[in-house]
Structure formats: structure tokens, C-alpha cells
Number of protein chains: 2
Amino acid sequence: MPVTEAPRSARQTAPRGGERGAETLFVASLEKGFRVLEAFRNVAGDLGLTEIAERTGLDKSAAQRFTNTLQKLGYLEKDPSSRRYRPAVRLLDFSYTYLHQDRLAETAMARLIEASKVYGTTVNLCELIDTDVIYTVRIPHEKASFPATVPGRRMPAYCTSGGTAIMAFRPAAEAAAIVDASDRVPMTDDTIVERRAVMARITEARELGFGIGVGQAMPNEISIAAPVLNARGEAIAAVQIPVYMPNWTPAEARQKIAPLAMETARSISGILPPEAARSA
Amino acid sequence: MPVTEAPRSARQTAPRGGERGAETLFVASLEKGFRVLEAFRNVAGDLGLTEIAERTGLDKSAAQRFTNTLQKLGYLEKDPSSRRYRPAVRLLDFSYTYLHQDRLAETAMARLIEASKVYGTTVNLCELIDTDVIYTVRIPHEKASFPATVPGRRMPAYCTSGGTAIMAFRPAAEAAAIVDASDRVPMTDDTIVERRAVMARITEARELGFGIGVGQAMPNEISIAAPVLNARGEAIAAVQIPVYMPNWTPAEARQKIAPLAMETARSISGILPPEAARSA
DNA sequence: TCGGCGGTATTATATTGTAATACTTCTTGT
DNA sequence: ACAAGAAGTATTACAATATAATACCGCCGA
């Protein structure tokens, strides 16, 4: 995402603010700083200054300034010999900042751990963000691919059981909007991307009470997820449990894993307030 | 830490830069934005604008601008009725940004999972940051206090087995410096804070090959940690395993948990490059 | 040895962030 | 129920700060 070409407003030295409401309350520098951090999200190795500039759409000077600031603040680390940058441990502070105050994660934690012991499986909690699900709490048991074990990992909602389960228990219009807004590039050979088919999976999840995907996000993976509901009956998260073929068959998973996911999700549900703030 | 009173350089309209090197390359606005985020780190509930201003040392206007920007970017959530702010899920993106590129976490993950199965215990990986250890990878098995299960959690290095284990395998001067720089307020009734005693525990860890703390950071907790070493034999992290009394006794833990922690740590050691960049 | 690429440092300029202030909306105590 | 005050929101004039152009330096490969 090249981000909107900074409009760089027209009139010279003209006191802005008359135009529209509070545009003055937005600190553009802050956004640029975060753009630099985001540039590292889906990157294998370190990044040089030039690469950072390319990926963020900032010019070399800006990349220099923000990169330098981020390093001084301890969020980026600089290899003195290669002069390249990489994310620093300090970024994990934000993980704590979010999670320690999250009532959902707090109440879920014990239940998820219990659930993971039943069949010795991984158990995850995920929430919806834009068109993705983001895994917030992970209780890993088998090592799947490494990135798949990392908290904060995002996956497209439309092709994951977690996303399907959550969308199934949201207003239909919202679910449709998410699917439409999704960039539906197949993750595996079997990923279902066609709109009608995706919507059908959501409907199915609503009827079953859980979502299931076989090889949808990752080959050989059977993923099952059940929605966590608030007091109004709207999904605010999902308990997701992946198992792997050939150790498990889809039939076994439906029979054993689905009830476990649903029971776990149910035990977490309803404790939360009606609906967390939807920011403007 | 109230952060250094923004010096706000003297001379009016004086072109700065002549003074010293690259002060121009530091974007102060970015730091302020992060200050706002940091204000939420050790906070129970939501924060109002005024509270944010107080905690960050920014004035009301600044708090307004940064808070607003952060909300627009999706890192803060605003409760429309109370008008108070809270951290948003999106913060977990940084967790992924850091971890997915961390070779240490990657190689450790499988070993930690295995280790957690041996006695059905929690197993953590932690790294040193300033005077703290920060837990980077957590494989939870029993629910201890919730915050203690959250990745990104920090604890003072001087009174944790992880910190002790790491400092034991660092240059002595560095260890001493960390202990001296630590704000040694007791975490439990039994926390050892006296300099000589703390240093003795570090020496002991060097001799034993592992660090151990009984009720040091939390009552009833026995914490054992073994250092992960790089090719030079310097500690870069620790494998930490907590068990709880009365299920476990210190003697049992030394006999069973310590070898497990050491073996796990050893299996991860040496894979990493000599020393990750020490930023200037 | 040279060429060029990537990173670093410097500085004039005006755009952008700033902070003072007025306005509005909630909260609280009587 | 009302008033007083606290907390949040909006507006604007000002200049300090971020900007970006450019020059410099050092490294790598040819």
C-alpha cells in the first residue's frame, strides 16, 4: 500500500483550518513514523535506508529522520557494520500495553489453556480488524510454520475459520462489506475466493455454530473456530483450533474439535460489555 | 520517568544544527506520540484526556492532538460515551513485526513447546532490555496471574531468574552496571535487593549454569532460568520455567526443572550470530 | 583506480505543529 | 433541579520545527 500521495496543500503560507473541521488535530509526523515501522511487517531481513524510503513512499531525507528517531527511541536497531535496520525487542512493549488491559484476553486465558490440554492442540483467540483476523492469544502445542505461532499475526478474515465464525454472528450487511472489501487472493490451491461461495460458508457457520476450513489458509490444516459473543449476541472474537491432516480427518475434527471450540467460546461469552467502543 | 524536560532550545529563530551533530534528525513529535502510548502501559482502565496530559507531561492541547492522531491511526480506541481512550488491537501488529523476524524466537519455538510438555509447565523465553527482562515467547500451561502470561511483560532483571541467568553470562562490569541502575524495590516480602546479595546470586548462577529464585518476584513461585548463549559464549536470552509451591519444592525444581531449562537453552544456543547490533 | 550507490551531514525555508483561548458538554454536589 | 466546575472540543495566529535539497563521504565491485 503506497499510502495516499501526501496532498501537500495548495496555497502558500495560507492559514489552514478554515476549510474543514479538525485537520489541525492530526500530527502527520506521527503517521510517517508508524509508516516506517509498518514497512518491517512483512519483511524477511533487515532494511537499508533506501529500501525503507521505497517501501514507505517517503523521500530519503524523511526516511533518514524517522529511522533515526525510531532508533534513538529504541524501537529500531541498527547494525553498525551493515548500517541496516531491524525491529527491536522494545516493540513488544505494545503487546503488553494492549493485552494486559484486555478483559477478553484476561477471562479467556484460563479457558484456552484448559482447552489446549484436552487433545493437546494449539488454541488461539482471534479478533476482527478491518478485513483481517488478528490472533491475540495463542496457546501453541505443535509447531506449525513459525509465523503461524506468533501473536499479532494477521490473516484474511474471509478464508479463515475464525473470520467466518465472527462474520456469521455479525449483522449480515457488515459481513458482506468485509468480504467485498477483502483482497481475495488464494492462500492455498484450495482457497475459496468466489463471493457467493464465501458467503455460503458464512451462512453455514451461522447454522452450525462454528466455522470450519480444510486447507483454506494452509495446506493440510483443518481449522475450526467458534464465536465469542457479547451480551447482545454479536461476535466479538473467536476461539480457533487448528489440527493437521493426516493425524486428524475433517470428520474427526467436526466431531471432537468443534464441540470443544464452541464450549470454550461459550464459557468466555457474555462476560464482556455490550459492545466495545466503535471509534468514529 | 517524567522524561527530560524538553530543553526547547534557547535562541529565538536561531538556525540550529551548528551546535552539535544531527539534532535535526530527531523528530520530537514522534517521541511525544510514543509517550502517549507508553502512558497506557501500566494502567488499569481507560484514560481520559486530562489524565493522559498528566501522565505524559504534555499540555492539554498536545495530548489532544496526539491522542486524536493515534486514534485515527487505529492504535487507540475511543469510547464514544465516556470519551476515554484505551489501547486498540492494532498495537499487536508490532508484536508480529518484531517476532516474525526474530531468528532467536524462531529457532526457540519448537524447543520451548517440547520442553513445556515434559512436566506440563509454562516455559518462557526472555531477553534483556535496559534493566528489565522482557518475555518474548510464552508457552503457558498453568494460569498464573494474568499479566504474568502476557508476551511483552517486563520484570526487573535483578530479581528474576531470567535476569540473573543472563547477567551471569555477560561481562561482570555490565552485570554490575545493570544491578546498580536498577530501581530495586521489593516485589515480594522475600525479594533480595541488597547489592552484595544480588551480585552473589549472579555469581551463583554462573557456577550452577542456571539462575533460581524462590518467591523473589511472586509469592509461591519457584523460577528457574538457563542462559541462551551466542557463539562467543555471551548470554543473549534465557529459557525460564516457573513452577509453584506447594506442588513443587525448591529441591525438586533444582533436580528436574534446572536440567530441562539448561538442555533447552543449550539446544537453542550458538545458532545466533556473534552479537546482534548494539545500537550507538 | 574509477564509478556509482548507499548512507551521512548541513542549512535555508515555510509548512506544520504549537499553545492560548473560547466554546460546549458532561458530572457532581446541594 | 440547578448551578458550578471539570473535562472534552474547536479555532486560530504564530514561529519553531520538520522539511527537502544538496553536498559530502566511504564502501564495494569493475
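Please read these numbers as outputs of a predicted model, since none were measured by experiment. Every chain is numbered from 1 and lettered A, B, ... according to where its sequence line falls, protein lines coming before strand lines.
Within the structure, every side-chain polar atom (N or O) of A/Thr24 is placed at least 4.0 Å from both OP1 and OP2 of C/dT16. Considering only side-chain N and O atoms, A/Ser29 lies nowhere under 4.0 angstrom from the phosphate OP1 or OP2 of C/dT16.
Evaluation of the side chain to side chain donor-acceptor pair (under 3.5 Å) rule for A/Asp180 yields A/Arg195 as partners, not counting sequence neighbours. The side chain to side chain donor-acceptor pair (under 3.5 Å) test applied to B/Tyr135 returns no partner, not counting sequence neighbours. When the salt bridge (Lys or Arg N to Asp or Glu O under 4.0 Å) test is applied to A/Arg266, the partners found at least two apart in sequence or on another chain are A/Glu263. Residues satisfying the salt bridge (Lys or Arg N to Asp or Glu O under 4.0 Å) criterion with B/Glu54, sequence neighbours excluded, are absent altogether. The side chain to side chain donor-acceptor pair (under 3.5 Å) check on B/Ser81 picks up B/Asp79, with sequence neighbours excluded.
Checking C/dG17, C/dT8, C/dA19 against every side-chain atom of A/Val27, the shortest atom distance belongs to C/dG17. Comparing C/dT8, D/dT22, D/dT9 by their nearest atom to the side chain of A/Leu49 picks out C/dT8.
Among the protein residues, B/Ser61 comes within range of the nucleic acid bases, having at least one heavy atom under 4.0 Å from a base atom. If you check every strand for non-hydrogen atoms under 4.0 Å, B/Ala28 touches sugar and phosphate atoms only.
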Close N/O contacts between protein and nucleotides 23-28 of chain C (under 3.5 Å):
from   : atom 1 : to      : atom 2 : distance (Å)
C/dT25 : O3'    : B/Arg83 : NH2    : 3.3
C/dC26 : O5'    : B/Arg83 : NH2    : 3.0

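Between its opening and closing five pairs, the helix from C/dT1-D/dA30 to C/dT30-D/dA1 changes axis direction by 60°, a value rounded to 10 degrees.
Judged as a ring-ring contact (aromatic ring centres under 6.0 Å, His included), not a single pair has a partner in residues 50-74 of chain B (not counting sequence neighbours).
Environment of CZ in A/Arg111: sparse, with no more than 12 heavy atoms of neighbouring residues, nucleotides or ligands closer than 6.0 Å.
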Distance-only donor-acceptor hits, side chain of residues 37-44 of chain A, under 3.5 Å, sequence neighbours excluded:
from    : atom 1 : to      : atom 2 : distance (Å)
A/Glu38 : OE2    : B/Tyr75 : OH     : 3.0
A/Arg41 : NH2    : B/Asp93 : OD2    : 3.4

